[in-house]
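Side-chain atoms are counted along with the backbone in the values below, which use heavy atoms only and exclude waters and symmetry mates.
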Amino acid sequence: MDSSPRLRSGAVTDASEHRVALRVRGVSRSFADVRALADVDLDIRYGEVLAVLGENGAGKTTLMRILSGLDQPTSGELYRGEERYAPRAPREAVEHGVALVQQHFALVPTMTAAENLLLFRAQRDRRTSREQAARDLRTLGADLGFDIDPGARVGDLSVGERQRLELLRALDADPEVLLLDEPTAVLTDAEADSLLEVIRRLVADSGRAVVLITHRLREVVTGADRVMVLRNGEVVSPAAAVGERDADQLAHEMVGAEVPAIARHNAARGEVLVSVDGLAASRLRHADFQVHRGEILGIAGVDGNGQVALESAMVGLLRPEQGRIVVHGKELGGVRPRERIADGVAYIPSDRHERAVVGPMRCDENLLLGRTRRRLRPDPGAAEVMAAWSVKGELDHPADSLSGGNAQKLVCARELRDDPRLVLACQPTRGLDPGAAGQLRQALLDFADAGGGVVWMSADLDELLEVADRIRVMFHGRLGEAIEPPFDRGSIGLAMAGVS
Amino acid sequence: MSFDPVPVLAQSDIVTLTFWTAVLASGMRLAVSTGVAAIGEMITERSGVLNLGLEGVMLAGGFAGFAASFESGSPWVGLLAGLLAGAFVGAGFALLVVYLRVDQVVAGLGLTLFAIAFTSFLNREIYGGGTSPPRAPKPGVVEIPVLKEIPLLGESLFSQNVVAYVAIGVVVVIAVALRRSYWTIVIDAVGETPSAADAAGHSVRLVRFAATVIGSALGGLAGALLIVGQLGFFNSNITAGRGWIALALVIFGRWRPGLIVAGALLFGVLDALQFRFQTLDSAVPFEFLIALPFVVTLLALTIGSRSAAAPSALTIPFVRATED
């Protein structure tokens, strides 16, 4: 492999250990009355990987968006070298040698890999033919040891391949500063490790500055030189060498003391509540499982392995091609969401905007969704339910006005209100701040303690290790054998990557 | 809907080569304006904007084209005026839907209704709008010797009104340009995944604005082609649903130029056919024949659009995640 610096600009070649590539001074950003970033100072240096560690909602992404020109600070300043740097658009950032790989892929699924590369080139770049783009993509890929077919439709690529394509595309602009926002969020442990290795090599070979945003401690320890911790938009601890703090200290700084540990009181398993036999639908090839009263069954898996099909079939939104679902002795038949509500199956969908909340409708009206046969108008109890779940919002305001965490709590409040038998919780804490996530986890544990059954699907293995009584791994549409505690993190991680 | 002189038919004529040669030639003429309008609308829609005002844009282009060619005496000035009128109306529409985020369906329907009324009004005020409207100069017919003698297709391809060649040229140039161009990628990205185009540094709104103006300019040109190139006069609502047919053709053609042109030709030929069949003394009521092209289009749409992939962001205004 070619290990020579391949920066066309050649500007980084004299990068000494301490040269600052990008300076952040007193940057704040507020949205309406919410403060996403407060007075952040940071030096990003050439030749090192700087990790920005923080929980969801800590302000990491906001910081990246500001650095890359997708957003502008409310106050504060940025400097690139000695120059003032205030990009108004991503293209300006790229012209200053700063490129971002976003958390949510900024790829067009209907186009080929090469066309997606081309899309990111400015027209005056002149390298605007598809053939040129395809050649360059191969060269870039070869440099990093990736093999991506330039003619493949992006929609057909795996998540890992898309992530690599995103990285190659960012490198196409030959940036001196590379910003990576949660690059491993959707990857298996093995894929994440190989990506981190590539990133380390990029820094070592060319002296680029890399900023790695993550909430995974493991990656900070293995992949970064320095680490800064953000919490609630504030710098909890300024950037310092990774070795100076151990993982426990970092975890404490990241989460803060305000999140109470969740607790399980009664893990006794009762009678069988739900039994799924040979279920197949769309990407779900085969699923057999049972959930008992008082049990939390964790279904671990990287997105796109059939979870959405399983979730949809369980709640009557997708007709099973084969197999049956029996809840409390009664077979759920066909596509009848109304039936699953009546049968006491509560549903916290993975995509709440798509399936659980009607944004323009009032909060109290959202609390009635699917329940209008029992309550015909917003009832006096609505305020009480909102308060019990500490949903921060007004009853008569649209659900769109709620933050992600509060919207999710609203969904749980509705779904758990009528004493369901089973809760189907799909990625329930994704995108929530630590406080809301903790509250939600505790509520589901309490529900199981009281004798309810829970199916908990999550791509976050750490979460499942904490809450689940048993874990099944989902891969390529199939469920693996049940894994009982004590759980072995390594082998479950491998199973999620398809290595059994 | 046709405007060729049509001889009275006997049943035996239907099997003759002359009959089908004439049908194809006339179908080609009918396909020209809907085809150009549909190609324009395709560009607009691929950027994520649905212009239901296409019928209105064609009327505006048609009237502007008529007035300009009538006053100047040159059909070419008329075509240019139609193009500019389309672009002007399209710019207004794009301002509303792209920058002010007015609902595209509402704005489009509004534009069509407004244009029907406004062009009728202007026509009546300026040209009297009576039963014998003034005539604009007609462009000449270009006949290519030898080639036009080719059986069946000769007349359609090599003996057409000069503006028809302009239209064919426009369509071919656009189809080829779209195949190879960097801008196709940008327009498609804006229509499919605007957030990705935005992150790539392209202005989603500017691209949509431009695609809408270009599409509408072609819509205006299509109107002018119909009036200046073929009919030679203007009347109230003279486009008679061609804008809507063009909108349907975009879906039928699955947002691809080749299929859209094929659809336009199919519709044109059916239209020419029904017009000739009307003169045929048969038991089939003529209302059925008039409906025939529309029925076939409808069927093709129903079948063809089942698997059609519309641009994912069609009709959805773009708002960056951090904007309010």
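Using a 4.5 Å heavy-atom threshold, the side chains of A/E115 and A/V154 count as separate. Between A/L119 and B/Y182 there is no side-chain heavy-atom pair separated by less than 4.5 Å.
The part of B/S181 that comes within reach of chain A is its backbone (N, CA, C, O), which places non-hydrogen atoms under 4.5 angstrom from that chain. Neither the backbone nor the side chain of A/E166 comes within less than 4.5 Å of any heavy atom in chain B. Heavy atoms closer than 4.5 Å to chain B are found nowhere in A/Q72, neither backbone nor side chain. With a threshold of 4.5 angstrom between heavy atoms, A/L107 approaches chain B through N, CA, C or O but not through any side-chain atom.
In this structure, the side chain of B/T193 does not engage the main chain of B/A196 through any donor-acceptor pair within 3.5 Å. Under a 3.5 Å cut-off, the side chain of B/T112 and the backbone N or O of B/L52 do form a donor-acceptor pair.
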Name every donor-acceptor pair, under 3.5 Å, that has one atom in a side chain of residues 260-268 of chain B and the other anywhere in the protein, sequence neighbours excluded.
none

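Contact tally against chain A (heavy-atom pairs below 4.5 Å) for B/S195, B/S203, B/A199, B/A200: the top residue is B/A200.
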